[in-house]
Protein chains: 2
Amino acid sequence: MAGARRKPAVDATRNPSLTRGVIVSAALELMDRQGVDGFSMRKLAGRLDVSPQALYWHFNGKDDLCEAVVELVRSDVRIEIDESLSVADRIRSHMRGLRSHLSRHPCAIELGRRFLPSTAGEVSDLGVSLICDLGIADREDALRHYRALVWTVTGFSLMEHGAETSVHHTRVPGTPIYEVRLRPGLGVKPDDDSQPATVVNVDVLFETVVDVFVAGLQAAASRG
Amino acid sequence: MAGARRKPAVDATRNPSLTRGVIVSAALELMDRQGVDGFSMRKLAGRLDVSPQALYWHFNGKDDLCEAVVELVRSDVRIEIDESLSVADRIRSHMRGLRSHLSRHPCAIELGRRFLPSTAGEVSDLGVSLICDLGIADREDALRHYRALVWTVTGFSLMEHGAETSVHHTRVPGTPIYEVRLRPGLGVKPDDDSQPATVVNVDVLFETVVDVFVAGLQAAASRG
DNA sequence: ACCTGAACACCGTTCAAGT
DNA sequence: ACCTGAACACCGTTCAAGT
């Protein structure tokens, strides 16, 4: 609960190789590979060849560490957008960029849910101004609509990532990760093949969301 | 992995009070109160006054039990919609109904992410036909758009629920649960009050999503 | 058929002790 | 200042044994 001892300082006499930075990167790597559920302090310690308790000198606990991981991932959000595109298309690119940034580190999606979906920073400023450019002049309105956009995209990523690690969704063999078999649900036994599984292409689904959302923004803009 | 022994049968000689149904309801109750993370097989067993291993006769494991919980919750989705409303407003109601059903059992949101966001059943059929009525005549298109709707709403609920159990989002005192303080994020220390917290009304945010989404659907419909 | 005792291999975290 | 040994109170799950 309280803040961890700050400033490891220069005189790291014992083990100079074990710093907050080293721990966080190793944690991120482990989480991306094994998933958040598969991650543990003890495994991380083993990976770093230290005792589990050593981590507790640098971090207050697992939550503290997870938070640092989220910040690490978040610190390199960068969405490049082709300036020659129309405003609507730039918003589409923004949404796609947000999604692919989130999928870059799957673990950060799960963690990020618990550690704030922040609407701050230059990426957000850019997003808000894009919405303004579309015709939603009032800044308050633009911010609200941008927040809606962020929540929609982040929520979608959560669903998507959940689907991937799901029990019932099995990847279509031979395809990239973005196709999922949806079972009909509702009392269907896991090994019942009588009901056909529905194949959903998650990319197509996301594009649908993007299209609907942008069209909705345009409508909101033209209403004043 | 394999199927649990089915059919407890009538001759439940030992303890007739311990059935799958009883276990699942108790699990749901416990999860709703303590959250999915706070739930454990051992706690559930304690609550039911049996040994933890007793549960393993009725269920294959924790996952199997969680799945049953999700099905229990899902089995009573019911969204009532005023027939006198316009099609657009009925879609709005549908989205709101979906959201409030999901918030009824917070645990099911988290679990449901891992155990299929199903697009099946009469609720979905109704939703798809609503989209058709709006003017998206092609059934394939309507289904795709409805799926986008479900993912959007479910994703939003996930975000919303995550925000509630979050470390950085603290409820605004004296208000209902639907207001959250959003910290600016990015290197701000948890106890740093120099940067003002942003207050986001989650209900307002959801209404924004609904408005944008429905307007987008209308645009898609009018495009043919 | 239905349940328990005992046990295994894990967790996160703390605390006194080492250097 | 930085780390370890030992320990506490938890997990999910299995397996042999009871009735």
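The structure displayed is predicted, hence computed values, not measured ones. Sequence lines set the chain letters: A, B, ... in the order given, protein chains first and strands last, and positions in each chain run from 1.
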Starting from [atom2] on [N], measure out to [atom1] on [X] and report it in whole angstrom.
X      : N       : atom1 : atom2 : result
F59(A) : dC2(D)  : CZ    : C1'   : 15 Å
W57(A) : dC3(D)  : CH2   : C1'   : 10 Å
L55(A) : dG12(C) : CG    : C1'   : 11 Å
D37(B) : dG12(D) : CG    : C1'   : 15 Å
M41(B) : dC11(C) : CE    : P     : 19 Å
K62(A) : dC11(C) : NZ    : P     : 9 Å
L48(B) : dC3(C)  : CG    : P     : 11 Å

Report each atom pair, protein N/O against N/O of nucleotides 8-10 of chain D, whose distance is under 3.5 angstrom.
none

Just to confirm, is there a sub-4.0 Å distance from OP1 or OP2 of dA1(D) to any side-chain nitrogen or oxygen of H58(A)? no
Partner residues of R92(B) under the side chain to side chain donor-acceptor pair (under 3.5 Å) criterion, sequence neighbours left out: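 Per chain and number, R92(B) pairs via side chain to side chain donor-acceptor pair (under 3.5 Å) with D89(B), D211(B).
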The criterion is side chain to side chain donor-acceptor pair (under 3.5 Å); which residues satisfy it with R42(B), sequence neighbours excluded?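 Result, side chain to side chain donor-acceptor pair (under 3.5 Å) vs R42(B): none returned.
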So, using side-chain contact (heavy atoms from CB on, under 4.5 Å) as the criterion, who are the partners of [X] when residues are at least two apart?
X       : answer
A108(A) : V73(A), H105(A)
L102(B) : I109(B), T154(B), S157(B)
S25(A)  : none
S51(B)  : Q53(B), A54(B)

Using atom types as modelled and distance alone, determine if a side-chain donor or acceptor of K43(B) lies under 3.5 Å from a backbone N or O of L30(B). no
If you compare all heavy atoms of R144(B) against all heavy atoms of D141(B), which two are closest, and at what distance to 0.1 Å?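 Minimum heavy-atom contact is NH1-OD1, 3.0 Å.
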Can you name the ring-ring contact (aromatic ring centres under 6.0 Å, His included) partners of H145(A), sequence neighbours left out?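 In terms of ring-ring contact (aromatic ring centres under 6.0 Å, His included), with neighbours along the sequence ignored, H145(A) is linked to no residue.
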Among all residues two or more places apart in sequence or in another chain, which pass the ring-ring contact (aromatic ring centres under 6.0 Å, His included) test with F156(A)? F206(A), W151(B)
I'd like a list of close polar pairs between nucleotides 14-16 of chain D and the protein, N/O only, cut-off under 3.5 Å.
none

For DNA chain D, the dot-bracket pattern of Watson-Crick and G-U pairs whose distances stay under 3.5 Å, | for other-strand partners: ||.|||||...|||||.||
Set of residues satisfying salt bridge (charged side-chain N to carboxylate O under 4.0 Å, His left out) with respect to R104(A), sequence neighbours excluded: none
